[in-house]
Amino acid sequence: MHLQSSAASRQLPVFVFPHSITFYLDDQSTHKQILTLYNPYDFPVKFRVLSTATEKYVVFDSVGTIRSKYCIDIVIRHTALTPMNCTVDKFEIKMYEYPTNKLIGIRQVKARVMSGVPEPLERVNSEADIFQQLPNTGKNQKSYSLVPNKTVQQETNYVAVLVGVICIIGLLLPSEGEPSNRIPDYLHLSINIRLILSFVLGMVTIICLRL
């Protein structure tokens, strides 16, 4: 494919969130972290997660493929949380062209181990910078589409149109105190209600233009 050949000829950005992760010794909820890898490109990519300290971490699905316009979550668990391991390690995410395995992008993510519980802490310098292969622990990758669901868009359109029609009908009704032989008094709208309908109609118009 031309797109893949073009992508392989240059380095592409690797999109990952968050940009760094922190494990706190006294907060168990932080002992497992999630990295989300994104593929906004028009072609599938392969990835591989490396680490400077493979003996400290369990990475679920450190190797895999991301479909075009999809993202996946990678779970990272620290298995050696001790005061002696309050250091900074690094993960390196390499992205490859599919299916040629040609390297097309690299991104590093720092992993800090801190004592105590989450709070603003000083940055620690990392000394380890030799990346090693992480074991692939399973095939439980979950991917998520980056493209909005068309059914959701259609439902949103229908709701917006219905609300807009209701607002227009309301604005066509006579104002409170205005004489009318055809429309009952309880359908005469006050100025406040008419202002609300006008505001809602304006918002619906903006939503329809953006969809």
Side-chain angles (χ1 to χ4, degrees), residues 3-25 27-115 118 120-146:
L3 283 173
Q4 290 181 336
S5 299
S6 175
S9 64
R10 66 186 188 279
Q11 290 286 299
L12 296 176
V14 176
F15 296 95
V16 57
F17 182 84
H19 301 148
S20 65
I21 54 179
T22 303
F23 302 88
Y24 291 92
L25 294 179
D27 187 349
Q28 255 191 346
S29 66
T30 68
H31 296 180
K32 182 176 70 173
Q33 300 283 344
I34 294 178
L35 285 181
T36 302
L37 305 185
Y38 299 85
N39 177 18
Y41 303 111
D42 295 325
F43 46 87
V45 297
K46 297 182 71 174
F47 70 90
R48 186 182 301 273
V49 182
L50 309 175
S51 174
T52 57
T54 57
E55 71 281 0
K56 297 180 184 178
Y57 301 95
V58 172
V59 179
F60 297 89
D61 302 311
S62 60
V63 177
T65 303
I66 312 176
R67 289 188 287 171
S68 171
K69 307 295 191 221
Y70 268 71
C71 64
I72 67 167
D73 291 336
I74 296 176
V75 178
I76 299 176
R77 184 184 296 277
H78 202 300
T79 59
L81 283 167
T82 65
M84 294 183 63
N85 284 331
C86 288
T87 58
V88 177
D89 301 312
K90 291 180 183 178
F91 289 96
E92 187 170 80
I93 299 159
K94 291 188 174 182
M95 189 169 68
Y96 303 88
E97 180 189 16
Y98 179 87
T100 64
N101 292 332
K102 183 171 182 178
L103 183 66
I104 56 177
I106 299 176
R107 182 67 179 269
Q108 291 187 6
V109 174
K110 288 190 175 181
R112 297 176 173 86
V113 177
M114 300 290 194
S115 60
L121 296 170
E122 295 181 358
R123 187 175 179 177
V124 182
N125 295 323
S126 172
E127 296 180 357
D129 203 21
I130 301 176
F131 293 95
Q132 306 167 36
Q133 176 63 51
L134 284 158
N136 191 21
T137 58
K139 298 180 179 180
N140 299 316
Q141 292 176 359
K142 292 184 179 179
S143 60
Y144 308 89
S145 175
L146 300 177

Visitor: With side chains defined as the heavy atoms from C-beta onward, is the minimum distance between L25 and V113 less than 4.5 Å?
Guide: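 Result yes, sub-4.5 Å side-chain heavy-atom pair found.
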Visitor: When you compare the side chain of T87 with that of R112, does any pair of heavy atoms fall below 4.5 Å?
Guide: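 No. Closest side-chain heavy atoms not under 4.5 Å.
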Visitor: For the residue pair C86 and S115, what are the closest heavy atoms and their distance?
Guide: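 Closest pair (atom of C86, atom of S115, distance): SG-N, 4.0 Å.
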Visitor: Please test H31 against H78 for side-chain contact (heavy atoms from CB on, under 4.5 Å), starting from the C-alpha separation and ending with a verdict.
Guide: CA-CA 6 Å; H31 296 180; H78 202 300; 5.6 Å; no
Visitor: Would you find a donor on one side and an acceptor on the other, under 3.5 Å apart, between the side chain of K110 and the backbone of K90?
Guide: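 Such a contact is absent between K110 side chain and K90 backbone.
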Visitor: Rounded to the nearest 0.5 Å, what separates atom OG1 in T52 from atom OH in Y57?
Guide: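 Reported to 0.5 Å precision, the distance equals 6.5 Å.
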Visitor: Can you find a pair of side-chain heavy atoms, one from P18 and one from L35, that are under 4.5 Å apart?
Guide: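 Heavy-atom side-chain distance check passes, below 4.5 Å.
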Visitor: Can you name the salt bridge (Lys or Arg N to Asp or Glu O under 4.0 Å) partners of K56, sequence neighbours left out?
Guide: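 In terms of salt bridge (Lys or Arg N to Asp or Glu O under 4.0 Å), with neighbours along the sequence ignored, K56 is linked to D89.
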Visitor: Is there side-chain contact between Y41 and P13, with heavy atoms separated by less than 4.5 Å?
Guide: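 In contact.
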Visitor: Between atom CE of M95 and atom OH of Y38, what is the distance when rounded to the nearest 0.5 Å?
Guide: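 Reported to 0.5 Å precision, the distance equals 14.5 Å.
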Visitor: Determine whether F23 and I76 make a side-chain contact, defined as any pair of heavy atoms from C-beta on separated by less than 4.5 Å.
Guide: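 They are in side-chain contact.
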Visitor: List in chain and number order the residues that pass side chain to side chain donor-acceptor pair (under 3.5 Å) with T36, two or more places apart in sequence or in another chain; answer none if no residue qualifies.
Guide: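 Expected list: D73.
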Visitor: Quick check against the 3.5 Å criterion: does Q33 have a side-chain atom that pairs as donor or acceptor with the backbone of T22?
Guide: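 A pair under 3.5 Å: yes.
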Visitor: Might you work through the side-chain contact (heavy atoms from CB on, under 4.5 Å) test for I104 and K94, ending with a clear yes or no?
Guide: CA-CA 8 Å; I104 56 177; K94 291 188 174 182; over 6 Å; no
Visitor: Quick one: CZ on F47 to CD1 on I93, what's the gap to the nearest 0.5 Å?
Guide: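 Taking CZ in F47 and CD1 in I93, the distance rounds to 9.0 Å.
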Visitor: Do the non-hydrogen side-chain atoms of R67 and N39 ever get within less than 4.5 Å of each other?
Guide: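 Answer no - side chains too far apart.
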Visitor: Could you measure the distance from the CG atom of L103 to the CD atom of E97? Nearest 0.5 Å is fine.
Guide: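 Reported to 0.5 Å precision, the distance equals 11.0 Å.
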Visitor: Should F91 and V59 count as side-chain neighbours, where that means a heavy-atom distance under 4.5 Å?
Guide: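 Answer yes - side chains close enough.
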Visitor: Under the side-chain contact (heavy atoms from CB on, under 4.5 Å) rule, what do R107 and H19 come out as? Steps first, then yes or no, please.
Guide: CA-CA 9 Å; R107 182 67 179 269; H19 301 148; 3.2 Å; yes
Visitor: Using side-chain heavy atoms (C-beta onward) and a distance below 4.5 Å, is Y98 in contact with V45?
Guide: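 In short, these two side chains do not touch, never coming nearer than 4.5 Å.
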Visitor: What's the separation between atom CD1 in I106 and atom OH in Y96, rounded to the nearest 0.5 Å?
Guide: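 Separation between the atoms: 7.5 Å.
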